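Nothing here was measured: the structure is a model prediction, and the numbers come from that model.
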Amino acid sequence: MKPIIGITAGDTNGVGYEVIIKALLNAYVFDVMRPVIYGNAAVAKQHFHTLDEEFRNITWNMIDSPEQAKDGRLNMITCYTDNLPVQLGTPTEDANKAAKASLERACRDLKAGLLDALVTAPINKEALGGGHTEWLEKQFAVQGGDERTKESLMMLCTEGLRVALVCNHVSIAEIPSQITEERILSKLTTLNESLKRDFGLEKPRIAVLALNPHAGDAGLLGKEEQEIIIPALTKAKEQGLWVFGPYAADGFFGTGHFTHFDAVLAMYHDQGLIPFKTLDMSGVNYTAGLSIVRTSPDHGTGYDIAGKNAADESSMRHAIFMALDVLRQRKEYDELRANPLPFIERTDIEGKPRREFIDFKTTTGGNWFETKDNGQRTMDNNE
């Protein structure tokens with residue numbers, strides 16, 4: 001079965017419908033997925049009359065549940081009324097309510113197991129009292145080992161660059177209080193786990209940016225590096241993570257130093273996203289640390305170009321295909337680790353404990369074992 005991808009329409013006065021339809025009207029998309037759009041066909045039509053003629057006479061497959069989605073069709077679930085006022089380019093309370101309604105319905109279907117992944121078109125943050133990331137964290141964050149809810153991780157992704165954030169959508173004045181050793185370590189752990197499970201990187205290399213100019217200049221420009229960030233990195237290394245830094249943020253991207261790493265952890269929103277979007281404006285916003293797969297284009301509502309047929313759908317298309325890639329990678333990762341080989345305790349010639357796992361390969365007269373510590377193969381003849 002092709003995966004069913006839920007796509008929320010976002011702000012009804014922004015570019016959401018435009019980038020969704022432009023991204024989906026690509027024959028290859030229907031070869032690999034069944035899209036289900038959460039919105040309203042009548043409202044969508046008010047957007048499409050401003051587009052090229054090929055987009056104006058779209059036929060929707062109206063459904064009540066993702067289970068009814070058909071291959072090769074634009075499936076839609078109605079989430080708000082046909083007479084919703086559309087005021088392109090203007091933030092309104094009606095648009096906020098519609099955006100929240102479509103997201104809530106999609107999340108209900110996700111929790112019911114009717115969708116495989118979620119792609120969200122941009123909203124006005126007033127609709128949720130904050131961003132998608134924080135709202136979805138409350139819905140789908142996984143539990144940590146101490147039974148506390150783990151924080152999600154906002155990560156911007158593009159070809160050859162992934163930038164994650166310690167602080168998401170907070171004011172500059174609040175940032176210092178949120179930069180703590182515990183939080184940095186938590187974000188590093190989530191990032192490392194996501195790079196392995198969601199992106200297939202066995203031993204990811206993570207660069208960490210400093211908070212202060214020149215990485216604090218040995219305390220002259222701030223002590224967060226020495227008192228908070230470096231201790232967090234030390235603990236992360238003790239847990240087996242490959243983390244490096246803290247690096248002064250001003251020269252890290254301009255020198256191309258980021259190309260030596262699989263991901264970068266920035267301390268706050270603009271520190272990471274300004275260089276990211278300078279390098280590529282068609283990236284994907286991925287929410288790591290959730291029990292579900294969620295992606296989004298890395299742009300906002302685009303009120304200034306709404307209704308002008310000027311929105312670039314590349315980021316939305318990349319978000320859709322990245323959701324599919326992560327789904328496939330997660331499945332492979334989980335299947336490979338579903339039934340691990342059993343470990344046994346053995347001793348070497350000096351009597352020291354040595355952990356080995358059964359390789360389940362048999363030869364005449366004995367079983368092969370593979371040593372975890374040094375990789376050598378030994379044979380047990382049951383003597």
Side-chain angles (χ1 to χ4, degrees), residues 131 133-134 137 141-142 144 150-170 172 174-216 222 224-280 283-290 298 326:
T133 303
E134 295 80 8
E137 179 183 285
V142 298
K150 291 174 63 177
E151 286 188 311
S152 63
L153 181 75
M154 182 175 173
M155 178 168 30
L156 277 291
C157 307
T158 189
E159 187 74 26
L161 177 61
R162 302 177 188 91
V163 177
L165 307 176
V166 175
C167 301
N168 296 342
H169 302 108
V170 299
I172 294 294
E174 294 180 62
I175 290 172
S177 65
Q178 296 202 18
I179 302 297
T180 65
E181 183 179 324
E182 180 183 29
R183 189 167 192 182
I184 292 171
L185 185 59
S186 173
K187 296 289 186 178
L188 282 171
T189 301
T190 300
L191 177 56
N192 187 68
E193 291 172 352
S194 178
L195 291 172
K196 293 169 67 175
R197 184 181 181 216
D198 300 334
F199 296 92
L201 299 169
E202 188 64 31
K203 196 68 175 177
R205 293 167 53 89
I206 302 172
V208 179
L209 300 184
L211 174 65
N212 297 300
H214 306 291
E224 284 84 358
E225 285 72 25
Q226 293 178 315
E227 296 179 356
I228 298 174
I229 300 176
I230 292 175
L233 299 189
T234 299
K235 289 184 178 179
K237 292 174 183 177
E238 291 172 352
Q239 296 178 11
L241 279 65
W242 280 16
V243 295
F244 305 86
Y247 296 104
D250 58 350
F252 183 80
F253 292 94
T255 60
H257 201 39
F258 68 90
T259 60
H260 300 299
F261 300 94
D262 298 302
V264 179
L265 182 67
M267 290 296 114
Y268 57 94
H269 186 279
D270 284 10
Q271 184 189 54
L273 268 59
I274 287 175
F276 180 93
K277 293 187 177 184
T278 299
L279 292 167
D280 192 339
V284 177
N285 181 359
Y286 177 62
T287 308
L290 300 182
D298 73 347
V326 172

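Every residue two or more places apart in sequence or in another chain that forms a side chain to side chain contact (heavy atoms under 4.5 Å, CB included) with Glu134 is listed here: Asn168, His169. Among residues two or more places apart in sequence or in another chain, the salt bridge (Lys or Arg N to Asp or Glu O under 4.0 Å) test is passed with Glu202 by Arg337. The side-chain hydrogen bond (donor to acceptor under 3.5 Å, both in side chains) check on Thr287 picks up Arg294, with sequence neighbours excluded. In this structure Leu156 satisfies the side chain to side chain contact (heavy atoms under 4.5 Å, CB included) test together with Met154, Leu273, Phe276, Asn285, Asp298, sequence neighbours excluded. For Tyr286, the ring-ring contact (aromatic ring centres under 6.0 Å, His included) criterion is met by Phe199, not counting sequence neighbours. Every side-chain hydrogen bond (donor to acceptor under 3.5 Å, both in side chains) that Gln178 has, sequence neighbours left out, goes to Arg183. Contacts of Glu159 classified as side chain to side chain contact (heavy atoms under 4.5 Å, CB included), with partners at least two apart in sequence or in another chain: none. Residues forming a side-chain hydrogen bond (donor to acceptor under 3.5 Å, both in side chains) with Glu174 (at least two apart in sequence, or on another chain): Ser171. Residues satisfying the salt bridge (Lys or Arg N to Asp or Glu O under 4.0 Å) criterion with Glu181, sequence neighbours excluded, are Lys235.
When all heavy atoms of Leu290 and Ser152 are compared, the closest pair comes out as CD2-CB, 3.9 Å. Nearest heavy atom pair, residue Lys203 against residue Gly240, reads NZ-O, 2.7 Å. Heavy atoms only, all atoms of each residue included: Met267 and Val208 are closest at CE-CG1, 3.7 Å. Between Pro246 and Ile229, the shortest heavy-atom distance links the atoms CB-CG2, 3.9 Å. Of all heavy-atom pairs between Leu241 and Leu188, the closest is CD2-O, 3.6 Å.
Side-chain atoms of Glu225 come within 3.5 Å of backbone atoms of Leu211 as a donor-acceptor pair (strictly under, hydrogens ignored). Put simply, the side chain of Gln271 never gets that close to the backbone of Ala266: no donor and acceptor are under 3.5 Å apart. For the pair Glu224 (side chain) and Asn212 (backbone), a donor-acceptor distance under 3.5 Å is absent.
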Sequence neighbours excluded and cut-off under 3.5 Å, please list the side-chain donor-acceptor pairs for residues 256-265, or say none.
residue, atom, partner, partner atom, Å
Thr259, OG1, Gly256, O, 2.6
Asp262, OD2, Arg205, N, 2.8

Please list, one pair per line, the donor and acceptor atoms closer than 3.5 Å that link side chains of residues 189-197 to other protein atoms, with sequence neighbours excluded.
residue, atom, partner, partner atom, Å
Thr189, OG1, Leu185, O, 2.9
Thr190, OG1, Ser186, O, 3.1
Glu193, OE1, Lys150, NZ, 2.8
Ser194, OG, Asp198, OD2, 2.8
Arg197, NE, Asp334, OD1, 3.1
Arg197, NH2, Asp334, OD2, 2.7

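In this structure, the side chains of Val170 and His269 stay at 4.5 Å or more apart for every pair of heavy atoms. The closest side-chain heavy-atom distance from Thr255 to Tyr247 is not below 4.5 Å. At a threshold of 4.5 Å between non-hydrogen side-chain atoms, the residues Asp250 and His214 count as touching. Thr158 is not listed as a side-chain neighbour of Leu279, based on a closest heavy-atom distance of 4.5 Å or more. Residues Leu209 and Phe253 have side chains in contact (heavy-atom distance under 4.5 Å, counting atoms from C-beta outward).
The CG atom of Leu165 lies 11.0 Å from the OH atom of Tyr268; values are rounded to the nearest 0.5 Å.
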